[in-house]
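A short worksheet on the structure shown next.
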Amino acid sequence: MNREECLTRLVEAFKEDSVTYKDLKTPEGNEAKQQLLRSLMNIRMPKKIDAETLKLQDEYLTERNRDRGIVSIEDIPLVRKKISLWQGDITRLSVDAIVNAANSQMLGCFIPMHSCIDNCIHTYAGIELRQECYEKMEALKKKYGPDYEQPVGEPMLTKGYNLPC
């Protein structure tokens, strides 16, 4: 299956997964489909999805991230000994960790096509990231009570899923 077919199948799978957007007309053209897919992924509440769609998403995002360009630590010049400065899209970095200023629910931004870093991270990591954050927050709510929110500055470690690493 080529990339365009993969994109179309993903859009249709995520539409089917949505009660609200199930009947949305799929636009023509890859750019419009990419925007629709990103929007459907970003508004999706955390829940399991079938293994075939997940595999397709992972293959698509891996290829898409590679096309966007992966930046390795060797590509970033040293300013001083052991200090590098780089400005750009952190979802392209092949590093051990990135830091996201997430909300206190740890579920990410639910605004379609919003350009905040949180939304971008969830877009290029894939839907498993939101699911993992949800599961970790549910465990913390069981421990600390149903109104628990992640304190500002308190990190939550997750996998990177489809982000380069």
Side-chain angles (χ1 to χ4, degrees), residues 1-77 84 86-103 105-138 156-165:
M1 164 183 346
N2 67 33
R3 183 182 303 191
E4 290 78 23
E5 292 169 332
C6 182
L7 176 59
T8 299
R9 284 184 60 189
L10 278 172
V11 166
E12 294 307 318
F14 278 93
K15 280 174 41 182
E16 186 66 30
D17 183 61
S18 169
V19 173
T20 307
Y21 299 102
K22 189 175 288 215
D23 298 323
L24 186 69
K25 183 180 182 318
T26 301
E28 296 295 323
N30 285 340
E31 189 172 324
K33 286 180 187 175
Q34 287 173 350
Q35 290 177 351
L36 178 56
L37 177 61
R38 179 176 178 209
S39 296
L40 290 169
M41 290 171 68
N42 288 151
I43 62 171
R44 187 178 186 274
M45 294 303 290
K47 60 182 176 179
K48 301 287 185 185
I49 198 164
D50 66 275
E52 182 182 332
T53 300
L54 199 55
K55 182 177 184 286
L56 196 60
Q57 174 214 244
D58 293 348
E59 290 170 1
Y60 175 79
L61 288 176
T62 298
E63 192 174 320
R64 179 100 195 275
N65 286 336
R66 193 177 6 217
D67 288 350
R68 292 173 50 241
I70 296 172
V71 178
S72 70
I73 196 70
E74 293 81 27
D75 298 328
I76 303 171
S84 297
W86 181 79
Q87 181 178 1
D89 179 351
I90 66 172
T91 65
R92 294 178 48 222
L93 288 172
S94 179
V95 294
D96 293 334
I98 59 174
V99 178
N100 176 24
N103 60 33
Q105 289 79 33
M106 301 303 292
L107 293 180
C109 174
F110 285 94
I111 302 171
M113 295 305 298
H114 192 234
S115 60
C116 68
I117 191 61
D118 194 58
N119 205 328
C120 292
I121 290 170
H122 280 271
T123 294
Y124 295 111
I127 62 169
E128 302 100 327
L129 176 59
R130 183 169 281 151
Q131 182 66 35
E132 181 181 350
C133 290
Y134 171 78
E135 290 169 2
K136 287 185 174 204
M137 285 300 289
E138 287 301 301
M156 178 179 284
L157 299 176
T158 66
K159 295 177 184 175
Y161 296 97
N162 292 294
L163 294 174
C165 54

Check [X] against [Y] and note the closest heavy-atom contact, atom names and distance.
{"X": "I70", "Y": "S94", "answer": "CG2-CB, 3.6 Å"}
{"X": "Y60", "Y": "L10", "answer": "CB-CD1, 3.5 Å"}
{"X": "F14", "Y": "T53", "answer": "CE1-CG2, 4.1 Å"}
{"X": "I76", "Y": "L93", "answer": "CD1-CD2, 3.9 Å"}
{"X": "C109", "Y": "H114", "answer": "SG-ND1, 3.5 Å"}
{"X": "T158", "Y": "C133", "answer": "CG2-SG, 3.9 Å"}

[X] side, atom [atom1]; [Y] side, atom [atom2] - distance, nearest 0.5 Å:
{"X": "M45", "Y": "I127", "atom1": "CE", "atom2": "CD1", "result": "13.0 Å"}
{"X": "I117", "Y": "H122", "atom1": "CD1", "atom2": "NE2", "result": "10.5 Å"}
{"X": "M1", "Y": "E59", "atom1": "CE", "atom2": "CD", "result": "7.5 Å"}
{"X": "M137", "Y": "M106", "atom1": "CE", "atom2": "CE", "result": "7.0 Å"}
{"X": "L129", "Y": "N162", "atom1": "CG", "atom2": "CG", "result": "10.0 Å"}
{"X": "I49", "Y": "L56", "atom1": "CD1", "atom2": "CG", "result": "10.0 Å"}

Enumerate the residue pairs fulfilling salt bridge (Lys or Arg N to Asp or Glu O under 4.0 Å) with a member in [range], sequence neighbours excluded, ordered by first and then second residue.
{"range": "residues 114-135", "value": "K48-E135, E132-K136"}
{"range": "residues 8-27", "value": "R9-E52, E12-K15, E16-K22, D17-R44, D17-K47"}
{"range": "residues 86-96", "value": "R68-D89"}

Sub-4.5 Å side-chain heavy-atom contact between [X] and [Y]:
{"X": "L61", "Y": "Y161", "answer": "no"}
{"X": "P27", "Y": "Q34", "answer": "no"}
{"X": "Q57", "Y": "M41", "answer": "yes"}

Check your understanding: Do other residues, nucleotides or ligands put more than 12 heavy atoms under 6.0 Å from F110 CZ?
Key -> yes
Practice item. Sequence neighbours left out, what passes side-chain contact (heavy atoms from CB on, under 4.5 Å) with N2? Give chain and number order. Key: E4, E5
Check your understanding: Got a sec, which residues hit side-chain contact (heavy atoms from CB on, under 4.5 Å) with Q35, two or more places apart in sequence or on another chain?
Key -> E31, M113
Exercise for review: Verify whether one side chain among K33 and T8 offers a donor that lies under 3.5 Å from an acceptor in the other.
Suggested key: yes
Exercise for review: Classify the side-chain pair T123/N42 by whether it contains a donor and acceptor separated by less than 3.5 Å.
Suggested key: yes
Exercise for review: Quick one: list whatever passes side chain to side chain donor-acceptor pair (under 3.5 Å) with E74, sequence neighbours left out.
Suggested key: S72
**Study point:** Residue pair L163, I90: steps toward the side-chain contact (heavy atoms from CB on, under 4.5 Å) verdict
**Key:** CA-CA 9 Å; L163 294 174; I90 66 172; over 6 Å; no
Review point. Would you say N65's side chain and Y124's backbone share a donor-acceptor pair under 3.5 angstrom?
Key: yes
